[in-house]
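Proteins get letters first, then strands, A, B, ... in listed order; numbering begins at 1 in each.
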2 protein chains.
Amino acid sequence: MPVEMMIRKLRLHSELPDENVEALRAVVTPVKNMPEDSLIVREGDLSTQCCVIMSGFAYRSKVSETGKRQILSFHIAGDIPDLQGLPLKRMDHDLTTLSPARLGFINHDALERIIESRPALARALWRETLLDAVLFRQWIVNLGTRSASGRMAYLIGELRQRLAAMGLVANEQFDFPITQSKLADALGLSVVHVNRVLQAFRTEGVLDFKRRVVTLRDLERIVELGGFESVEEDGGRA
Amino acid sequence: MPVEMMIRKLRLHSELPDENVEALRAVVTPVKNMPEDSLIVREGDLSTQCCVIMSGFAYRSKVSETGKRQILSFHIAGDIPDLQGLPLKRMDHDLTTLSPARLGFINHDALERIIESRPALARALWRETLLDAVLFRQWIVNLGTRSASGRMAYLIGELRQRLAAMGLVANEQFDFPITQSKLADALGLSVVHVNRVLQAFRTEGVLDFKRRVVTLRDLERIVELGGFESVEEDGGRA
DNA sequence: CGATATATTGACAGGAGTCAAAGAGGGTGG
DNA sequence: CCACCCTCTTTGACTCCTGTCAATATATCG
């Protein structure tokens, strides 16, 4: 049951009665398989449903008027990357698969109906969209205050933590099928420089980024370089 | 009635019955005057109330482990900059006054009580927190894709638009009492370079940043430099 | 009118971008 | 099974935007 990832993540952040969880589970439509680089929703679209990542990766991005694409965030199994579309409707960015992915969908009308009578669920979803914003703020700090290698280390560190919470890290190694060009778009760097940073990490034994798989060789250094600090340990719960 | 700014902003983004607005107005406590550079809430705090800016400016910031402070956003009259504290409770960043400011406060318990029976209001607040996230995403694009002057132009352009929506821009001129050092922290640049950019803008007749007041001399250029595009014209309404 | 914060300048250094070309990998079709 | 192609990665040379350091000028304020 791949919906479990989503449930797991929600319950990591909010207390939820079983009944609410069941109601939510019931409105997730059958899974759809999508190849990599498929646009799920486009900036400007009016959303009528939101998507649940069952497996694989997705990313949100925007292109600035300068023509450069900025990747805003990466999403993993369990995430609902366009949940904010429920209240906002109009998408302010694109959502694309990074790898082949299995997606579930939740129709907005159906979701509205079930949260109407379930305040705890409504609140949990609100919190979920705000935890998203927490990551954006951290990303701003990352872009604004760190050097190229620091940014890269931070990205890997954050990803590792989120994947670990979903049980997707084994032996300090995880799947992350991304090109250096997309890394560059996420970090606000040039492809060439991303390559240089990765090379350095490899030769210095910090981490290895081969064949869609990241291997963390010196977690200590990564945490240090990325100035990474643990987040959402309690999901901000009171 | 300085609460009107907040009401005005909410209604710009969401349809709200008069009754809801009255209920909301009723829970805003009397205004408190704060001098500039006063910390309103600190990272790590558990919020029990949220604040409404009646007049003046505030900013949200985080310090990265490198010791550098990153300013995440600026807030103006009408904003509720820590609204996300209602569902999240634990603050992930600081909130500080940029200028002397008049603030109102809304107790969380009181707010919970009034939104419990007013779904439209609850939804409006949810949307408000998400519009905040829209701005964060744009800021990520700004930091990740633009040059120093582009970032500066974008900041000014965004601020102008938000101030204009609150009726705080006259003759392409508005109050913005900030030091170059804080601008640097917001833009991810050094103070020296911020100074250079501002100098250039001044001599090229793009804009003037004197004595806490910004004068836009060539809006065309600013929009062009900042690649600024209009947002929240409809607040994302369906 | 000092005292302190802020703004401004100049010289210099260096991280990251750009350009261009060469390798590697991974598919695909014959 | 190999040749070919296309995308992605890697390298090297060179440029330049932005940071750093340090000194000076200007504001602001009690």
**Message:** The criterion is side chain to side chain donor-acceptor pair (under 3.5 Å); which residues satisfy it with R212(A), sequence neighbours excluded?
**Reply:** none
**Protein-nucleotide distance (D37(B), atom CG; dT4(C), atom C1'), rounded to Å** = 14 Å
**Request:** Please answer whether the main-chain N or O of M34(A) pairs with a side-chain N or O of S38(A) as donor and acceptor at a distance below 3.5 Å.
**Result:** no
**Asked** Would you call E172(B) and R217(B) a salt bridge, taking side-chain N to carboxylate O under 4.0 Å as the test?
**Response** no
**Item:** Helix axis bend for the helix from dC1(C)-dG30(D) to dG30(C)-dC1(D) - C1'-based end axes, five pairs, 10° rounding
**Value:** 50°
**Prompt:** With distance as the sole test, does D185(B) use its side chain to make a donor-acceptor pair with the main-chain N or O of I71(B) at under 3.5 Å?
**Reply:** no
**Prompt:** So, the side chain of T203(B) versus the backbone of A200(B): is there a donor-acceptor pair under 3.5 Å, distance only?
**Reply:** yes
**Request:** Heavy atoms under 4.0 Å is the rule here; annotate nucleotides 16-28 of chain C 5' to 3' with B where the base is hit, S where only the sugar-phosphate is, and - elsewhere.
**Result:** BBBB-----SS--
**Asked** Just to confirm, is there a sub-4.0 Å distance from OP1 or OP2 of dT8(C) to any side-chain nitrogen or oxygen of N195(B)?
**Response** yes
**Prompt:** Where does the chain B footprint on DNA chain D start and end, counting 5' to 3' with a 4.0 Å heavy-atom cut-off?
**Reply:** dT18(D) to dT28(D)
**Prompt:** Given the side-chain rings of F176(B) and F57(B), with only the six-membered ring counted for Trp, is the space between their centroids under 6.0 Å?
**Reply:** yes
**Request:** Check whether any side-chain heavy atom of R202(B) lies under 4.5 Å from a side-chain heavy atom of K210(B), and answer yes or no.
**Result:** yes
**Asked** In this structure, which one of I178(B), T97(B), T96(B) forms a side-chain contact (heavy atoms from CB on, under 4.5 Å) with Y59(B)?
**Response** T96(B)
**Asked** Thinking salt bridges, do R137(A) and D92(B) make one under a 4.0 Å N-O criterion?
**Response** yes
**Item:** Touch class at under 4.0 angstrom, heavy-atom based, for R202(A) against every strand present
**Value:** sugar-phosphate
**Prompt:** Listed in order of residue number, which residues of residues 175-183 of chain B have a non-hydrogen atom at under 4.0 Å from DNA chain D?
**Reply:** none
**Prompt:** Should the pair E128(B)-K9(B) be classified as a salt bridge under the 4.0 Å nitrogen-to-oxygen rule?
**Reply:** yes
**Request:** Look at D79(A) together with R60(A) and state whether they make a salt bridge at an N to O cut-off of under 4.0 Å.
**Result:** no
**Fill in**
For D45(A), the side chain to side chain donor-acceptor pair (under 3.5 Å) test, sequence neighbours excluded, returns none
**Item:** Atom CZ of R8(B) with >12 non-hydrogen neighbours under 6.0 angstrom
**Value:** yes
